[in-house]
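Data block below; observations after.
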Protein chains: 2
Amino acid sequence: MTLQRTTKQLQAVQAAFETAGRPLSIEELHALAAEQVTSLGVRTVYRAVRRLQELGDVVAVSVPGGSDRYELATVASHHHHHFHCTACDRFFDIHGCPGGLHKLVPEGFQLEHHELTLSGLCDSCA
Amino acid sequence: MTLQRTTKQLQAVQAAFETAGRPLSIEELHALAAEQVTSLGVRTVYRAVRRLQELGDVVAVSVPGGSDRYELATVASHHHHHFHCTACDRFFDIHGCPGGLHKLVPEGFQLEHHELTLSGLCDSCA
DNA sequence: TAACTAATGACAACGAAATGTCATTTTGTA
DNA sequence: TACAAAATGACATTTCGTTGTCATTAGTTA
């Protein structure tokens with residue numbers, strides 16, 4: 001597992017991340033990458049994502065009430081949030097942050113992270 | 001299913017909500033209510049929560065990367081958010097809201113709801 | 001108190017997401 | 001080009017949260 005080989009499948013998954021430009025689920029990755037590599041197995045998508053995570057290229061995003069999404073580490077390194085379209089179930093990147101969250105934290109609590117998820121309809125569904 | 005009977009089990013679950021004052025998982029409800037009613041089955045907790053939901057007393061809360069939590073409808077009716085302690089995995093209510101989220105929404109998107117989850121250490125774990 | 005039946009709780013079973021397995025394919029190297 | 005092994009993909013299996021089932025228990029009413 002130390003060595004890595006460049007396969008069509010891995011490249012297709014990488015390309016899906018690049019072209020989508022938004023957090024993707026395994027299912028979405030499978031559908032997108034399958035356009036490049038027919039007969040792509042879901043198992044392979046899981047492995048590709050795992051490998052990209054170990055390489056530090058991709059990070060997981062936990063979302064409320066749904067399976068994990070994955071996004072490029074370059075995107076994730078910039079602090080941002082997400083918009084969830086309730087119609088098509090896709091997630092989009094939101095740039096910016098309301099800020100001033102320290103004021104909301106109760107006495108004695110230590111704030112480390114925060115996660116904001118806007119929801120509604122995306123431009124395609126609106 | 002139309003009629004309802006007042007049972008120790010249902011009352012214990014209700015009491016758990018009242019005394020906890022924070023969103024609870026099924027597991028937490030089970031543990032808390034079991035202090036009142038020994039040999040309480042998890043199945044019964046699921047049914048009690050379901051019934052309280054149908055009565056409009058309790059609502060479900062989806063959280064990132066975890067099973068649902070439940071909280072009193074009286075609490076949920078006031079707009080609020082949550083703090084997640086990464087050490088004890090408990091959720092707490094946060095009163096207040098950063099606001100100004102409309103400015104973050106991309107052109108053409110329709111904002112309907114939002115959900116903010118602060119995370120870090122609670123006062124007990126800090 | 002007796003009787004009716006809702007409610008309980010132990011167990012099985014489900015659905016979804018994720019992982020294990022392994023024969024086969026494919027990549028990189030000699 | 002041929003070989004060794006990494007990678008694939010089909011399938012089985014696990015895990016977790018939740019629900020179905022049903023004999024038994026325990027509220028409620030007469």
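Each chain gets a letter, A, B and so on, in the order the sequences are listed, and its residues count up from 1. Fair warning: this is a prediction, and the values are worked out from it, not measured in the lab.
- Side-chain nitrogen and oxygen atoms of A/Arg47 include none within less than 4.0 Å of the OP1 or OP2 phosphate oxygen of D/dA6.
- B/Glu54 places its CD atom 14 Å from the C1' atom of C/dA7, with the value rounded to the nearest Å.
- Atom CG of A/Leu10 is separated from atom P of D/dA7 by 9 Å (rounded to the nearest Å).
- The nucleotide whose nearest atom lies closest to any side-chain atom of A/Thr6 is, among D/dG20, D/dG9, C/dG28, C/dG28.
- A/Leu40 has its CG atom 15 Å from the P atom of D/dA7, to the nearest Å.
- Between B/Lys8 and D/dT25 there is no side-chain polar atom (N or O) within less than 4.0 angstrom of OP1 or OP2.
- Side-chain atoms of A/His84 and A/Asp89 form a donor-acceptor pair, as typed in the model, at a separation below 3.5 Å.
- Within the 4.0 Å cut-off from OP1 or OP2 of D/dG20, not a single side-chain nitrogen or oxygen of B/Arg50 is found.
- Remark: the backbone N or O of B/Asp68 is not paired with any side-chain donor or acceptor of B/Ser62 at under 3.5 angstrom.
- Atom-to-atom, CD of B/Gln53 to C1' of D/dT19 comes out at 14 Å; the value is rounded to the nearest Å.
- Listed candidates were C/dA17, C/dT8, C/dC11. Nearest to the side chain of B/Arg43 is C/dC11.
- Listed nucleotides C/dA18, D/dT8, C/dT19 differ in distance to A/Asp68; the shortest reach to its side chain belongs to C/dA18.
- On a pure distance criterion of 3.5 Å, a polar donor-acceptor pair joins the side chain of B/Arg5 and the base of C/dT5.
- A donor-acceptor pair shorter than 3.5 Å can be found between the side chains of A/Glu71 and A/His82.
- Atom C1' of nucleotide C/dT27 and atom CD of A/Gln4 are separated by 13 Å, given to the nearest angstrom.
- Comparing C/dT8, D/dG17, D/dG9 by their nearest atom to the side chain of B/Tyr46 picks out D/dG17.
- Judged by distance alone, the side chains of B/His102 and B/His114 never bring a donor and an acceptor atom under 3.5 Å apart.
- Within the structure, every side-chain polar atom (N or O) of B/Gln9 is placed at least 4.0 Å from both OP1 and OP2 of D/dT25.
- Rounding to the nearest 0.5 angstrom, the gap separating the CG atom in A/Leu116 from the CD1 atom in A/Ile94 is 8.5 Å.
- Backbone-only engagement by A/Thr7 is indicated by non-hydrogen atom pairs under 4.0 Å involving sugar-phosphate atoms exclusively.
- In this structure, B/Gln11 places its CD atom 13 Å from C1' of C/dA7, rounding to the nearest Å.
- The separation between B/His30 atom NE2 and D/dG17 atom C1' is 14 Å, rounded to whole Å.
- Closest to the side chain of B/Tyr70, out of C/dA18, D/dT18, C/dT21, is D/dT18.
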